[in-house]
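No hydrogens, no waters, no symmetry mates; every other heavy atom, side chains included, goes into these values. Note on naming: letters A, B, ... go to the chains in the order of the sequence lines (proteins, then strands), and numbering restarts at 1 for each one.
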Number of protein chains: 2
Amino acid sequence: MRISTKIRCGARTILELASRYGEGPIDLKEISKKENISLKYLEQVIIPLRTAGLVKSIRGSKGGYSLAKPPSEICLNDVVEILDGTNQLIECLQDPKGCKKAPFCVTRDIWKEASEAMNKIFRSITFEEMVNRKKEKEGQSPPMYQI
Amino acid sequence: MRISTKIRCGARTILELASRYGEGPIDLKEISKKENISLKYLEQVIIPLRTAGLVKSIRGSKGGYSLAKPPSEICLNDVVEILDGTNQLIECLQDPKGCKKAPFCVTRDIWKEASEAMNKIFRSITFEEMVNRKKEKEGQSPPMYQI
DNA sequence: TAAATTCCTATCGATAAAGTATGAATTCGT
DNA sequence: ACGAATTCATACTTTATCGATAGGAATTTA
């Protein structure tokens with residue numbers, strides 16, 4: 001029951017792109033160095049994010065990736081769903097038909113509750129929010145909350 | 001980010017023992033049939049639950065397993081922690097020293113929030129509660145009498 | 001044309017998950 | 001005392017997944 005490395009790398013990558021939204025394409029080599037993730041691995045991770053329409057790419061020299069929509073319109077749940085294929089803790093939450101006992105299954109109900117509690121968090125946090133938090137941590141208070 | 005088969009089997013086993021708390025030892029063969037889990041696999045799963053003091057065993061003929069304490073004093077989180085070794089979504093939530101960036105890590109904070117939301121559910125539900133829910137479900141539409 | 005970069009496909013190795021096998025130790029009933 | 005039932009211990013196998021790497025094709029800039 002762990003968040004995979006893939007998801008964590010994906011989230012950090014999107015966060016990086018989000019914090020530089022509007023600055024044009026950013027190449028993976030740069031993110032690779034900054035986040036200390038192998039370039040080749042990053043290339044793998046970002047493919048599904050592009051396919052799903054979270055990021056867009058520009059090929060060739062001076063190319064790179066940028067968010068396909070504003071950070072406020074991307075939430076962590078998007079990344080989780082795309083890179084994990086699901087956001088459910090167990091198989092039969094997606095397809096209740098799979099298990100005949102589902103309607104009578106008490107444990108299933110509870111895994112479902114836990115899944116939903118988790119997803120609620122994932123859905124509630126946009127990358128805009130994460131960028132703000134990041135700036136706060138870095139000591140650069142975001143304008144809106146400046147004291 | 002899936003709940004392992006081991007945890008699911010463990011939870012169903014404890015639920016079964018809980019629903020028959022006070023009736024003396026129940027042998028794994030019976031649970032194995034009822035829950036459709038291989039006996040050998042069940043034997044593996046129950047060992048850590050015994051070691052951790054959730055269940056107690058009686059060896060030999062007419063032996064079996066029973067809960068070591070009332071269902072009201074066992075929660076799902078116990079099973080998760082014992083069979084998964086943790087209840088955290090990522091490594092660095094247990095040992096913050098592991099990653100130097102932890103204090104500045106925005107994504108870490110969020111995985112932590114999600115972990116806590118999930119754990120809150122796991123901790124809030126005792127096996128007494130689960131037995132009650134199970135009885136309710138069976139009362140509404142008892143599977144045993146259906147064709 | 002050369003360099004930079006995304007894109008595509010394949011592969012590898014390590015690890016863990018899931019399940020099986022064998023048999024010893026223990027206890028009960030007869 | 002014996003045999004059946006059951007837990008307990010250990011080891012093994014198989015399968016799947018994860019994380020990572022490799023090589024090179026396609027595309028774009030300058």
Side-chain angles (χ1 to χ4, degrees), chain A residues 1-13 16-17 24-68 80 82-86 89-91, chain B residues 1-13 16-17 24-68 79-80 82-86 89-92:
Chain A
M1 205 184 27
R2 297 298 183 89
I3 296 285
S4 68
T5 302
K6 191 161 64 170
I7 289 180
R8 284 183 288 114
C9 289
R12 287 196 281 152
T13 301
E16 182 62 26
L17 295 181
I26 296 165
D27 65 284
L28 288 189
K29 207 165 154 190
E30 195 184 328
I31 296 182
S32 158
K33 282 176 190 166
K34 191 158 184 175
E35 296 289 339
N36 210 33
I37 305 170
S38 106
L39 176 61
K40 281 299 181 184
Y41 189 54
L42 250 190
E43 284 180 353
Q44 298 299 329
V45 170
I46 210 162
I47 288 174
L49 296 176
R50 177 178 53 81
T51 308
L54 237 54
V55 304
K56 58 189 176 186
S57 63
I58 293 176
R59 300 184 66 170
S61 182
K62 301 286 175 185
Y65 293 88
S66 53
L67 292 191
V80 170
I82 292 165
L83 294 180
D84 226 24
T86 181
L89 286 174
I90 56 172
E91 203 82 37
Chain B
M1 205 181 29
R2 298 298 185 88
I3 296 283
S4 69
T5 302
K6 192 162 63 169
I7 289 180
R8 283 183 290 115
C9 289
R12 286 196 282 151
T13 301
E16 182 63 25
L17 294 182
I26 296 164
D27 66 284
L28 287 188
K29 206 166 157 190
E30 194 184 330
I31 296 182
S32 158
K33 282 177 189 164
K34 191 158 186 176
E35 296 289 339
N36 210 33
I37 306 169
S38 105
L39 175 61
K40 281 300 175 185
Y41 190 54
L42 250 190
E43 284 179 351
Q44 298 300 329
V45 169
I46 210 163
I47 288 174
L49 297 175
R50 178 177 52 83
T51 307
L54 238 55
V55 304
K56 59 187 175 187
S57 63
I58 292 174
R59 300 185 68 169
S61 180
K62 301 287 177 184
Y65 292 86
S66 53
L67 293 191
V79 175
V80 171
I82 291 165
L83 294 179
D84 224 26
T86 181
L89 286 174
I90 56 172
E91 202 81 39
C92 68

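- A search for salt bridge (charged side-chain N to carboxylate O under 4.0 Å, His left out) contacts involving A:Arg2 returns B:Glu91, not counting sequence neighbours.
- The salt bridge (charged side-chain N to carboxylate O under 4.0 Å, His left out) analysis of residues 42-55 of chain A, with sequence neighbours excluded, yields the pairs A:Lys40-A:Glu43.
- Taking A:Gln44 as the reference, nothing meets the side-chain contact (heavy atoms from CB on, under 4.5 Å) condition, with sequence neighbours excluded.
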Could you check A:Thr51 against A:Ile47 for side-chain contact (heavy atoms from CB on, under 4.5 Å), going step by step and ending with a plain yes or no? CA-CA 6 Å; A:Thr51 308; A:Ile47 288 174; 4.1 Å; yes

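- For the pair B:Leu39 CG and C:dA18 C1', the interatomic distance rounds to 15 Å; values are reported in whole Å.
- Using a 4.0 Å heavy-atom cutoff across all strands shown, A:Leu28 reaches sugar-phosphate atoms only and no base atom.
- Taking the side chain of A:Lys62 as heavy atoms from C-beta on, and the options D:dT7, C:dT6, D:dA30, the nearest nucleotide is D:dA30.
- Every residue two or more places apart in sequence or in another chain that forms a side chain to side chain donor-acceptor pair (under 3.5 Å) with B:Thr86 is listed here: B:Gln94.
- One interatomic measurement links the two molecules: CG of A:Asp27 to P of C:dC7, which rounds to 12 Å at whole-angstrom precision.
- Summarising the geometry, the separation between CG on B:Leu17 and P on D:dT7 is reported as 11 Å, rounded to the nearest angstrom.
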Could you list, one pair per line, each protein nitrogen or oxygen that sits under 3.5 Å from a nitrogen or oxygen of nucleotides 11-15 of chain C, together with the distance?
none

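- With rounding to whole Å, A:Met1 atom CE is found 18 Å from D:dT17 atom P.
- Over its full length, the helix from C:dT1-D:dA30 to C:dT30-D:dA1 turns its helical axis through 10°, comparing axes from the five pairs at each end and rounding to 10°.
- Atom CD1 in B:Ile26 sits roughly 11 Å away from atom P in D:dT7 (whole-Å rounding).
- Remark: B:Arg50 is not in phosphate contact with D:dT7, judged by side-chain N or O atoms under 4.0 Å from OP1 or OP2.
- Taking atom NZ of residue A:Lys29 and atom C1' of nucleotide C:dC7, one finds them 17 Å apart after rounding to whole Å.
- In this structure the side chain of A:Leu17 reaches within 4.5 angstrom of the side chain of A:Ile31, judged on heavy atoms.
- With sequence neighbours excluded, the residues forming a side chain to side chain donor-acceptor pair (under 3.5 Å) with B:Thr5 are B:Arg8, listed by chain and number.
- The side chain to side chain donor-acceptor pair (under 3.5 Å) search around B:Ser38 returns none, not counting sequence neighbours.
- Evaluation of the side-chain contact (heavy atoms from CB on, under 4.5 Å) rule for A:Ile58 yields A:Pro25 as partners, not counting sequence neighbours.
- Contact annotation: A:Ser57 side-chain N/O to C:dT5 OP1/OP2 distance is not under 4.0 Å.
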In the 5'-to-3' direction, what one-character label does each nucleotide of nucleotides 19-24 of chain C receive under the scheme B = base within less than 4.0 Å of a protein heavy atom, S = sugar-phosphate only, - = no such atom? BBBBB-

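- Legend: residues meeting salt bridge (charged side-chain N to carboxylate O under 4.0 Å, His left out) with A:Lys56, ordered by chain and number and at least two apart, are absent.
- Contact annotation for B:Ile58: backbone-only contact, meaning every heavy-atom pair under 4.0 Å involves sugar-phosphate atoms and none involves a base.
- Between B:Leu28 and B:Leu42, the closest heavy-atom pair is O-CD1, 3.8 Å.
- When each of C:dA4, D:dA5, C:dA18 is scored by its nearest atom to the side-chain atoms of A:Ser61, the top-ranked nucleotide is C:dA4.
- For the pair B:Ile47 CD1 and C:dA17 C1', the interatomic distance rounds to 16 Å; values are reported in whole Å.
- Under the salt bridge (charged side-chain N to carboxylate O under 4.0 Å, His left out) criterion, B:Lys34 pairs with B:Glu16, not counting sequence neighbours.
- In terms of position along DNA chain C, the nucleotide closest to B:Asp84 lies nearer the 5' end than the nucleotide closest to the other residue of the pair B:Gly60 and B:Asp84.
- If you take NZ of A:Lys6 and P of D:dT21, they are 16 Å apart, rounded to a whole angstrom.
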